[in-house]
Every structure is written in C-alpha cells, then in structure tokens.
Amino acid sequence: MPLPQTFRAMVVSETEDKRFTREVKERSLTDLPAGELLIEVKYSSLNYKDALSASGNKGVTRKYPHTPGIDAAGVVATSSTSQFGTGDQVIVTGFDLGMNTPGGFGQYISVPAAWAVKLPQGLTLRESMGYGTAGLTAALCVMRLMAFGLTKDSGEVLVTGATGGVGSVAVGILSKLGFNVAAATGKSEEKGFLTKLGAQTIISREEANDLSGRPLQKPRWAGVIDTVGGNILATAIKSTKYGGLVAACGNAMSADLAVSVYPFILRGVSLLGVDSVEIPMNTRLRSWQKLAHDWKVDLSDIMNECVLEELIPKIDLIQKGGVRGRVVVDLSR
Ligand SMILES: NC(=O)c1ccc[n+]([C@@H]2O[C@H](COP(=O)([O-])OP(=O)(O)OC[C@H]3O[C@@H](n4cnc5c(N)ncnc54)[C@H](OP(=O)(O)O)[C@@H]3O)[C@@H](O)[C@H]2O)c1
C-alpha cells in the first residue's frame, strides 16, 4: 500500500491567551519525527494522562501544537530495523508516546523500535487497546502484589477508583484469579457494573476516605490496588492488615500522601510503587502475555468505542472522573 500524503489526527493547540483547543485536522507524514517504525494506527485508547496532555499540563507535554495518545495499536507501514517488518501488528504504550512525541490520537505514529511489542497471539488490536496502558498497569499491580506473596487466600483485596480504566481491569483480573475483591467507587449507580466484573463488596468513596485523622484504622485489607492517591490511599494503608501489601499507581484524587509510619512499623505493611511507562521490556512482554491468556478478562462491558471527533468531549469527562471503564478510539473511521 502506498503511503498517504496526509492523515487525520487530533491536534491540541495553545492560543495566545493560554487556552488549549482541540480539533481533528489533516497532518502530513513529514510532521512526524524520524523513527525506526512508521505505524498505521488502527486503534488507540483514552487514559487519564491523555486528558492532562490535551489540557495543557506542561508536566506531561511541554510544547504545542501536539497530538496526545499514550497508546497505539496498529500495523507497521515502514521499518528500518530487522526486529519488525512491514505488516507486523504491534502495540506501543508508554515511553514518550503522546507526551512529547505525537501520539495515538493520529492515524500514523513514528517511534523507536524499542517502544513496540508484537501483538500477542490471543488478542486483537482492538482488544489490546481495550486494555491499553490502564490494563497493562492493572496487570502490573496484580503481578507486583503476587510477587510479594499475595494469594487468593490472603483475604480481601481493595481496588480504589474501581470504575476507572485501571480499576475496572484490576477488578476483572483479580476476580478471575479467585481473589475476594472489594471495589471502592464514587459512582453508586455503577454497583451492577462492578458486581458483574466480579467485585464481591462495593464500598462508597466516603467510606474509603477516612477523615478522622487517626493513624491506624481497623485492619481489613490483605492487599490494595490504589489508582487515586491522596487521602483514599492514606486510608487504605491505615486499613491494611498485618503484613499486607498496597500497590500505588495513580493520583486521580491527589498526588499527596499524608500517613504516619505506624502502618509500616506496627503492622509491617508494604507500599509498592507501580510504573507502566519505563518498565523493562521483559516485564512488559510478560504482562501482555498474561492479559492475552490466563488473565484475559471479558472486555465487552468495560470497553466503549468512539471515533476521533467523539473523543473530544470524553477528554473533559475523564478529567472529572466520569468515565466508566475504557474508551477505545477507532482510527480507521
Ligand atoms: N503508574 C502508571 O504507570 C500509571 C498508568 C496508568 C494510569 N496511571 C494513573 O492511574 C490513575 C487512574 O488512571 P485511569 O486511566 O484508570 O483513569 P480513570 O479511568 O479516569 O479512572 C480514575 C477513577 O478514579 C476515581 N476518581 C476520579 N477522580 C477522583 C477523585 N477526585 N477522588 C477520588 N476518586 C476519584 C474514579 O473512579 P470511581 O468513580 O469508581 O471512584 C475514576 O473513574 C490516574 O491517576 C493515572 O494517571 C498511572
């Protein structure tokens, strides 16, 4: 297939009065940086970080105009390395994609080969973006908790921000593996969604957000996957049982964490950090294999699909914590 002269992409621009506008525009392949792989993007997905990039957060994206999209799944159009050939189906998540490198909200990306993984057997490109960075992060959290000894017999595992992208996939994976999952959510209307994903208990955001100021709470959780940070993470740490494990991966509520050392020195609680952006390739490949096979969750309720134009209002929604599950973007339409 000959390469097109232009392609469609969402472009975020900074106006003179420091506002940020989003529109779908024609871009030229020559607008892309030089890279070992030119990839025709078939699907992308919306993550919380994309909303930050699309709103002018300079900690995520320094220069505008810019095309966000930290996730992309597509087909190699040209390759200058022997690792990948034309026509290979690949996934790119994390690294600098969509931050200061034009991202998956465009029909083409140009990236180093070291950022790409071959689509694992057992997943379609569309399903891979049903997971995207959020799903990969959920898998990494579960892997980390299990590597430190959490088993399905350890006790209840709390997932916070449970209807969000990371949260919903985490609930799905944990329940598939037989864990007893408690889901904390601010969306009381989504109890049915979380129960169908396998959560055994639903707790409200208020219950998960203790305001008493006490340094320790009644011990309850054997494990925690926290996607929101702030006082909800602090509450989870204070409510973790002796020897329990807390995986922290997000800051949808706050990047701050105010806890005393008592949960760590009196209950031996461990706080485990989880990153999906710079993880080594072998861990990345292992996580995708898990998501494609023994940890594969039914994404039909989790995934919503849209086209580029429909993505723009969803960016505002995810910033308000209003998205349920995962938004997949079909770039072929
Ligand atoms: N470490 C990494 O590599 C990595 C990778 C991916 C994501 N993340 C981070 O993980 C977090 C979740 O990402 P995501 O893609 O799952 O985002 P998301 O889809 O927007 O989910 C976040 C969820 O958190 C809850 N929430 C939102 N605002 C809140 C607030 N002010 N207070 C309490 N809860 C709130 C909501 O769930 P409920 O309504 O159900 O409570 C929301 O759906 C983000 O901070 C993101 O940056 C980190």
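Order of listing sets the numbers, starting from 1, for every ligand and every atom in it. Since the structure is predicted, the reported quantities are computational estimates derived from the model, not experimental observations.
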Show me the pairs that pass salt bridge (charged side-chain N to carboxylate O under 4.0 Å, His left out) and involve residues 65-85, at least two apart or across chains. Asp71-Arg326
Residues with a heavy atom under 4.0 Å from ligand 1, by chain and number, are Tyr48, Thr133, Thr137, Gly161, Ala162, Thr163, Gly164, Gly165, Val166, Thr185, Gly186, Lys187, Arg205, Thr227, Val228, Ile232, Cys249, Gly250, Asn251, Ala252, Met253, Val274, Asp275, Ser276, Ile318, Gly321, Val323
Please identify which of these residues, Arg62, Lys58, Arg22, meets the salt bridge (charged side-chain N to carboxylate O under 4.0 Å, His left out) condition with Glu14. Lys58
Whichever hydrophobic residues join Tyr108 through chains of side-chain contacts under 4.5 Å: Leu3, Phe7, Leu29, Leu32, Leu38
Note, Tyr262 side chain near Pro215 side chain (heavy atom, < 4.5 Å): yes
Side-chain donor-acceptor contacts of residues 166-173 below 3.5 Å, not counting sequence neighbours, with atom names and distances?
| from | atom 1 | to | atom 2 | distance (Å) |
| --- | --- | --- | --- | --- |
| Ser168 | OG | Gly164 | O | 2.7 |
| Ser168 | OG | Gly165 | O | 3.3 |

Got a second to check how far Arg8's CZ is from Glu26's CD, nearest 0.5 Å? 7.0 Å
